[in-house]
Number of protein chains: 2
Amino acid sequence: MRSSAKPPSVKLPAKPLRRTARAPAPKPYHHGDLRRVLIDAALQLVGEGGPDAVSVREAARRAGVSPGAPFRHFPSRDALMNAVAEEAQRRFRAEIEAALAEAPANNPANNPPNNPLGRFRSLGLAYLRWAMKNPTHFEIISSRRFFDHDKAAGVSQDNAELIDLAERTLAEAFAQGQLRSADLKQVQIAGRALVYGFARMNIDGHFPRWGVADAEGTAEAILDLFIEGIAKVPGRSA
Amino acid sequence: MRSSAKPPSVKLPAKPLRRTARAPAPKPYHHGDLRRVLIDAALQLVGEGGPDAVSVREAARRAGVSPGAPFRHFPSRDALMNAVAEEAQRRFRAEIEAALAEAPANNPANNPPNNPLGRFRSLGLAYLRWAMKNPTHFEIISSRRFFDHDKAAGVSQDNAELIDLAERTLAEAFAQGQLRSADLKQVQIAGRALVYGFARMNIDGHFPRWGVADAEGTAEAILDLFIEGIAKVPGRSA
DNA sequence: TTGTGAATGTAAGCATCGATTACACGGATT
DNA sequence: AATCCGTGTAATCGATGCTTACATTCACAA
């Protein structure tokens, strides 16, 4: 797995090759956008074998570049993983907000359409759906070990935005008298813990043989259980 | 950091050294109980720098043994980590059950002493306390990646016992009319997700600067929130 | 008691990895 | 056009997981 298709005599002191007819791109010395390509390669590696399967050398290999090149862009493997995690978190937030925007009104259980508690449910469901559809991406952004813990208190901006959104939605729900408890902070933490825990249990392998159907169905069920638990007038169902 | 205090000429064809007066144990060729010592060393390494900080060579070093020796007992690093995870899980279950046995009656919120729902709460609290007190141990047993996923469906026996305990307790609570929902499976999964999620969020660094007091207090608070949510007659508090 | 085989350790070596250093290239600024 | 500096290459280092060949010693049987 060492040298596959790279004849070691490509370096010519003069520059005689002029991109003659069929020469398939003379491989420019500078890559163009290596940093981006490295992050993408690393993300792909994460998707194939988890975060531990990411090696700087393999990323360089896939980018068609020498093993030392990545260190021009990332001072260490950890720095690369940091960038990878931030990119994944960016995509996560973008997709969550997109999912919320496109389906704001389909909250099957709660009473008026588009009410705060229903949106809270939708937020949790979008979170869970994304996490279960992108388990490896979710793994690197959930385990905070890949984030720089000196910068931004160890919590990325995109993550803080999502938490804010959840907090605001809960505040609205409380203002409309939908919540039983007045301690919004605790409700928010409990909700996060529930959703986060379910997602991680899936990823960590606590439900060995589940189809996506089981997972999605149970996700909705426990979400409803929780929402009913924090809502006022919790009876009505059964 | 290579050769520290081991003169390379210790092997004598004959055996002239007879354990004369001050020879501090002639370092027997066979270790005695290397397997156990390796697991302990690995556990210690996990406690120092997390699971990734465990290396077979370092464990061998701490056991005072050559770098290849561990492979007589574990065919691979993964096998060592597997044994480590099972040992940690064993201790986890033992301590949970001990904690439950010693304090069965102090359930502050629920009505009759030693009722099922109260015991369910105690179980969750013991779980959370242990996880927050032994974060690295909890990490290797929660992330199922260190368990052999061919054997026992990827779930260790000790873990299954704990789940059973939770399930039985919930069934008792339902039989006594303490639960609002009849779907015990979902209640159980939701409870597990909540507790698991909170523990992991702590470990994964989602609550950057918390004292143990904050963590324990919030743990109890969200536990109570959940219990009230699944209990019948949920009002009464505020 | 003695011999022998299996268990368990050592020594040496391979490939891979992260990381560093010296050097080569070439685009951008002047 | 000359130069500078960002970016890539080549070579190398130490550490790691793992394998192979050899050494030692324990346990059991004759």
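Keep in mind it's a predicted model, so treat the numbers as computed, not measured. Below, chain A is the first sequence line, B the second, and so on; all start at residue 1.
Here the side chains of B/Leu38 and B/Arg35 are not in contact, with every heavy-atom distance at 4.5 Å or above. Looking at B/Leu34 and B/His73, their side chains come closer than 4.5 Å, going by heavy atoms from C-beta outward. Annotation: side chain of A/Met132 is not in contact with side chain of A/Phe138 (no heavy-atom distance under 4.5 Å). A heavy-atom distance below 4.5 Å is found between the side chains of B/Met81 and B/Val54.
The CG atom of B/Leu34 sits 5 Å away from the P atom of C/dG9 (whole-angstrom rounding). Rounded to whole angstrom, the span from the CG atom of B/Asp78 across to the C1' atom of D/dC18 amounts to 12 Å. Taking atom CZ of A/Arg61 as the reference point, atom C1' of D/dT9 lies 15 Å away to the nearest angstrom. Atom-to-atom, CG of A/Asp33 to C1' of C/dG27 comes out at 16 Å; the value is rounded to the nearest Å. Rounded to a whole Å, the CZ atom of A/Arg77 is 14 Å from the C1' atom of C/dT16. Regarding A/Leu38, its CG atom lies at a distance of 8 Å from the P atom of D/dG8, rounded to whole Å. Atom CZ of B/Phe71 is separated from atom C1' of D/dT16 by 9 Å (rounded to the nearest Å). Across the protein-nucleic acid pair, A/Arg57 atom CZ and C/dC17 atom C1' stand 6 Å apart, rounded to whole Å.
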Atom pairs and distances, donor-acceptor, side-chain atoms in residues 184-205 of chain A, under 3.5 Å, two or more places apart:
from     : atom 1 : to       : atom 2 : distance (Å)
A/Lys185 : NZ     : A/Glu167 : OE2    : 3.4
A/Gln186 : NE2    : A/Asp183 : OD2    : 3.3
A/Tyr196 : OH     : A/Ser142 : O      : 3.3
A/Tyr196 : OH     : B/Asp204 : OD2    : 2.5
A/Arg200 : NE     : A/Asp204 : OD2    : 3.3
A/Arg200 : NH1    : A/Ser142 : OG     : 2.7
A/Arg200 : NH2    : A/Asp204 : OD1    : 3.2
A/Asn202 : ND2    : A/Phe198 : O      : 3.2
A/Asp204 : OD2    : B/Tyr196 : OH     : 2.5

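When the side-chain nitrogen and oxygen atoms of B/Ser66 are compared with OP1 and OP2 of C/dA11, none of them lie within a distance under 4.0 Å. Regarding contacts with the backbone of D/dG6, every side-chain N or O of A/His73 stays at 4.0 angstrom or more from both OP1 and OP2.
Between B/Phe120 and B/Phe226, the angle of the ring planes lies from 30° to 60°, which puts this pair in the tilted group.
The base of D/dG6 has none of its N or O atoms less than 3.5 Å from a complementary donor or acceptor on the side chain of A/Arg72.
Terminal axes of the helix from C/dT1-D/dA30 to C/dT30-D/dA1 (five pairs each, C1' rotation axis) are separated by 0°, to the nearest 10°.
A salt bridge (charged side-chain N to carboxylate O under 4.0 Å, His left out) check over residues 70-83 of chain B, counting only residues at least two apart or in different chains, returns nothing.
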